[in-house]
Protein chains: 2
Amino acid sequence: MSESENATTENTLASNITRTLRDAIVCGDLAPGSKLSEPKLSKEYNISRGPLREAMRRLESMKLVKYVPHGGARVITLDLPQVIEIYHIREALEGKAAALAAKNITDEGIENLKRLLKIAEEHMAATGGAYIQADADIDFHYRVIQASNNQMLIHTLCEELYYLVRMYRYKSSLQPSRSLQAFKEHQHLVLALEQRDEQLAELIMRKHIVRARENIEQQLLNS
Amino acid sequence: MSESENATTENTLASNITRTLRDAIVCGDLAPGSKLSEPKLSKEYNISRGPLREAMRRLESMKLVKYVPHGGARVITLDLPQVIEIYHIREALEGKAAALAAKNITDEGIENLKRLLKIAEEHMAATGGAYIQADADIDFHYRVIQASNNQMLIHTLCEELYYLVRMYRYKSSLQPSRSLQAFKEHQHLVLALEQRDEQLAELIMRKHIVRARENIEQQLLNS
DNA sequence: CACATAAAAATTGTCAACAATTTTTGCGAA
DNA sequence: TTCGCAAAAATTGTTGACAATTTTTATGTG
């Protein structure tokens, strides 16, 4: 994970178990739809049910688990319509993030993005065409979002929506064919950021995400 | 409040106290920045600290309260930069909601919006110019968002962001001068929805929110 | 054998007490 | 008086037990 935890990272049982469960859900160790039994989990992680329940409430508002009153909690199951919904939200939010990034990104920030692209390019040349898996794509998006300088937007995308995105990507990462195109779209975006062109940056990012969505729709309809 | 609670409304102490505290924060009974002491609150509402803490965690992820590890929770204080951040997010999200609404709204939905505008217009004629306070504006936005048919978007806006918006609006509602213009913008949007013009609907909604933001910026800089 | 019903087991919801940490208070010395 | 430090009070973090509800299981009847 290229992400750095917040500076004021809590160190309570509730916080720790939240992160642990979050990651277990995202990477699939806790399968979608599986029941999250409080006695079982508290025994497994050697904590009492109090902090565990607090953690579950937080995961609930991250939309990673779904609660049924008196029926317990289950890991969310993302079906195609829901994934599409998420991509519509990403389109709007990350488009805006790109626009704000064009306004606020530093020269150093742009250099970092360029460096990221260069590494990816070299990797593609070496391995013969495959843009470094989903992780590289996510890393790139993370940095653009960070450059927006809008704390609430950063939180909404990186601390809430992106766990859902990654949860989905774990089972269906980028197709090789889409990979190269995505890389070019990233290059295009960096150009727009460098020119500080807010509208263009927003447009490019939105198109980028629309194409990703269309790719997923097609990919899943053919299976 | 014109909002209807979810069909599967939980009826646990934790859920009830969440709603109670949420509303108390939104309407200002619990002032921004004030400390939320667990012993005090649990005594005041006659519940134990367990459910209360679960509620606090949920309010935390709704961004209505801020936690400091071992230091307790305080009601969030919205300063101008944060409000501006929220309006940028609203611009992106509600713009998208308007676009989706243009695609998905029913004829009946459009009729309902028209009726809403008509009532507002009559009220303006009667009282001499003032668009029915912030509530009417929020009600209109609510309905457009609902018409988007994107459940996750609806939840993000109506169950998360809008409590923050309302919390702010309670102390600084619409200026009379802005009121009439806002009404016209609403009319304009309904026209676009009626034509099922997604791009235009998005554009109008975004401009509407940009103007609201600019109005707030000006209003607060002059005080 | 199928089905309904009731008892039993398991799980969620809630509580009150204990531990750990932070803040406040009070005292003494420079 | 003011500053620093230690004791005390208050608050948050955590736990295990109890109550309420749901699910499972067993049993008896048609």
Side-chain angles (χ1 to χ4, degrees), chain A residues 5-25 29-77, chain B residues 5-25 29-77:
Chain A
E5 296 290 353
N6 205 323
T8 56
T9 301
E10 291 184 38
N11 199 24
T12 61
L13 290 185
S15 299
N16 293 337
I17 197 66
T18 302
R19 282 189 289 270
T20 302
L21 290 177
R22 180 195 69 190
D23 295 341
I25 291 172
D29 285 352
L30 287 169
S34 63
K35 182 127 199 291
L36 296 173
S37 154
E38 292 178 11
K40 208 189 276 180
L41 286 175
S42 65
K43 218 178 288 175
E44 186 167 345
Y45 292 100
N46 264 74
I47 57 169
S48 70
R49 283 176 52 227
L52 179 64
R53 283 174 65 88
E54 286 182 37
M56 301 276 262
R57 291 306 185 186
R58 293 212 258 196
L59 294 170
E60 182 191 18
S61 30
M62 292 167 84
K63 300 181 188 71
L64 289 174
V65 320
K66 208 171 145 81
Y67 253 85
V68 179
H70 293 276
R74 308 191 92 92
V75 178
I76 201 175
T77 56
Chain B
E5 295 291 353
N6 205 322
T8 56
T9 300
E10 291 185 37
N11 200 21
T12 61
L13 289 185
S15 298
N16 293 337
I17 196 68
T18 301
R19 282 190 288 272
T20 302
L21 289 178
R22 180 196 69 190
D23 295 341
I25 291 171
D29 286 351
L30 288 169
S34 63
K35 181 125 200 288
L36 296 173
S37 153
E38 292 179 10
K40 209 190 278 182
L41 286 174
S42 65
K43 216 178 290 175
E44 186 166 345
Y45 292 101
N46 265 72
I47 57 169
S48 71
R49 283 175 53 225
L52 179 64
R53 283 173 66 87
E54 287 182 38
M56 301 277 262
R57 292 306 185 187
R58 293 211 259 195
L59 294 171
E60 182 191 17
S61 30
M62 290 168 86
K63 300 181 188 71
L64 289 174
V65 320
K66 207 169 149 75
Y67 252 86
V68 179
H70 293 278
R74 309 191 91 91
V75 177
I76 201 176
T77 56

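The chains referred to below are lettered A, B, ... by the order of the sequence lines, with proteins before strands, and numbering in each begins at 1.
Within the 4.0 angstrom heavy-atom criterion, no nucleotide atom of any strand lies near B/Lys40.
Residue whose closest nucleotide on DNA chain D sits further toward the 5' end, between A/Arg49 and A/Glu54: A/Glu54. Heavy-atom nearest nucleotides on DNA chain C were determined for A/Gly72 and for B/Ile47, and the one closer to the 5' end corresponds to A/Gly72.
Residues A/Tyr45 and A/Leu52 have side chains not in contact (no heavy-atom distance under 4.5 Å, counting atoms from C-beta outward). Between A/Glu60 and B/Arg58, some side-chain heavy-atom pair lies under the 4.5 Å cut-off. Looking only at side-chain heavy atoms (C-beta outward), B/Thr18 and B/Leu59 come within less than 4.5 Å of each other.
Shown here for B/Pro32 and B/Thr77, the closest heavy-atom pair between the two residues is C-CG2, 3.6 Å.
Look at CG on A/Leu13: it is 16 Å from P on C/dA19, rounded to the nearest Å. Distance A/Leu52 CG to C/dG13 P: 12 Å, rounded to the nearest Å.
Looking at residues two or more places apart in sequence or on another chain, you find a side-chain contact (heavy atoms from CB on, under 4.5 Å) between A/Arg74 and A/Lys35.
Checking the phosphate oxygens (OP1, OP2) of C/dT12, no side-chain nitrogen or oxygen of A/Arg53 falls inside 4.0 Å.
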- Stepwise side chain to side chain contact (heavy atoms under 4.5 Å, CB included) check, B/Leu21 with B/Leu41: CA-CA 10 Å; B/Leu21 289 178; B/Leu41 286 174; 4.3 Å; yes

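Taking the 5' to 3' direction, DNA chain D first and last meets chain A under 4.0 angstrom from a heavy atom at D/dT14 to D/dT22.
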